[in-house]
Amino acid sequence: HTSQASMALRVFASAWGNATHWGSLRRLMDGLQFKGFAGLEASLSDLGDDADARAATAQQARDRGLELIVGLYSHWTDYEGTWAAADPAEHLDQLRRQVDACAA
């Protein structure tokens, strides 16, 4: 007896660059839903400036049947600004703050 696993390809789009192209994250999510994407990959800052804004964006994704992949950074958030070296403790501290913010 041989069992075959079923595989499905689920395609996600990145908010990076796309939200600007679509005019807003909300319009991007409308487009992803219409085009049959499984969801959106975004950083915390892409999702909103604070916990309330991020929760509202997550709800908008759920309302459209979209899943979220949240990108967290241990350093050099969103690759913006000037890069600076960080020691392991700084990496862990920032990652811990981002995980806490994601859970909020």
Side-chain angles (χ1 to χ4, degrees):
H1 176 85
T2 304
S3 153
Q4 290 184 329
S6 175
M7 294 179 63
L9 178 64
R10 295 175 24 232
V11 180
F12 288 71
S14 174
W16 185 78
N18 282 316
T20 303
H21 173 75
W22 283 82
S24 71
L25 196 55
R26 182 180 204 159
R27 288 186 62 206
L28 170 60
M29 288 191 289
D30 286 342
L32 297 180
Q33 178 188 27
F34 177 76
K35 292 177 182 269
F37 280 79
L40 175 70
E41 178 274 329
S43 69
L44 283 177
S45 61
D46 289 329
L47 298 176
D49 292 331
D50 58 35
D52 290 337
R54 290 188 295 269
T57 301
Q59 185 60 53
Q60 290 172 12
R62 279 191 297 274
D63 291 347
R64 290 164 176 78
L66 298 172
E67 298 176 59
L68 285 176
I69 297 173
V70 180
L72 303 179
Y73 297 86
S74 69
H75 189 58
W76 201 21
T77 302
D78 290 339
Y79 308 113
E80 294 177 351
T82 304
W83 179 87
D87 64 41
E90 291 172 303
H91 280 277
L92 288 172
D93 184 52
Q94 178 167 330
L95 185 57
R96 188 173 295 114
R97 286 193 316 268
Q98 289 216 343
V99 168
D100 291 345
C102 192

Practice task
Just grab all the ring-ring contact (aromatic ring centres under 6.0 Å, His included) pairs involving residues 84-104, residues at least two apart or on different chains.
Solution key: H75-H91
Practice task
Would you mind listing every side chain to side chain donor-acceptor pair (under 3.5 Å) that reaches into residues 59-69, with sequence neighbours excluded?
Solution key: R10-E67, D30-R64, Q59-R62, Q59-D63
Completion exercise
Contacts of W76 meeting side-chain contact (heavy atoms from CB on, under 4.5 Å) (sequence neighbours excluded), chain-then-number -> Y79, W83
Exercise for the section: Could you tell me which residues satisfy side-chain contact (heavy atoms from CB on, under 4.5 Å) with T82, sequence neighbours excluded, listed by chain and number? Expected result: none
Problem - Sequence neighbours excluded, every pair satisfying salt bridge (Lys or Arg N to Asp or Glu O under 4.0 Å) that has a member inside residues 36-55 - result: none
Can I get a per-line list of side-chain donor-acceptor pairs under 3.5 Å for residues 95-104, giving both atom names and the distance, sequence neighbours left out?
residue, atom, partner, partner atom, Å
R97, NH1, D93, OD2, 2.4
Q98, OE1, Y73, N, 2.7

Problem - Cluster link L66 to L9, ILVMFWY, side chain under 4.5 Å - result: yes
Exercise for the section: Please check if F34 and L25 belong to a single hydrophobic cluster, counting links between Ile, Leu, Val, Met, Phe, Trp and Tyr side chain heavy atoms closer than 4.5 Å. Expected result: no
Fill in the blank from the handout: Closest heavy-atom pair, A15 versus L28, reported as atoms and distance to 0.1 Å, is CA-CD2, 4.0 Å
Problem - Considering all heavy atoms, the nearest A38-F12 contact - result: CB-CE1, 3.8 Å
Handout entry: From CG (N18) to CG (L32), nearest 0.5 Å
Key = 7.5 Å
Problem - Between OG on residue S74 and CD on residue E90, distance to nearest 0.5 Å - result: 10.5 Å
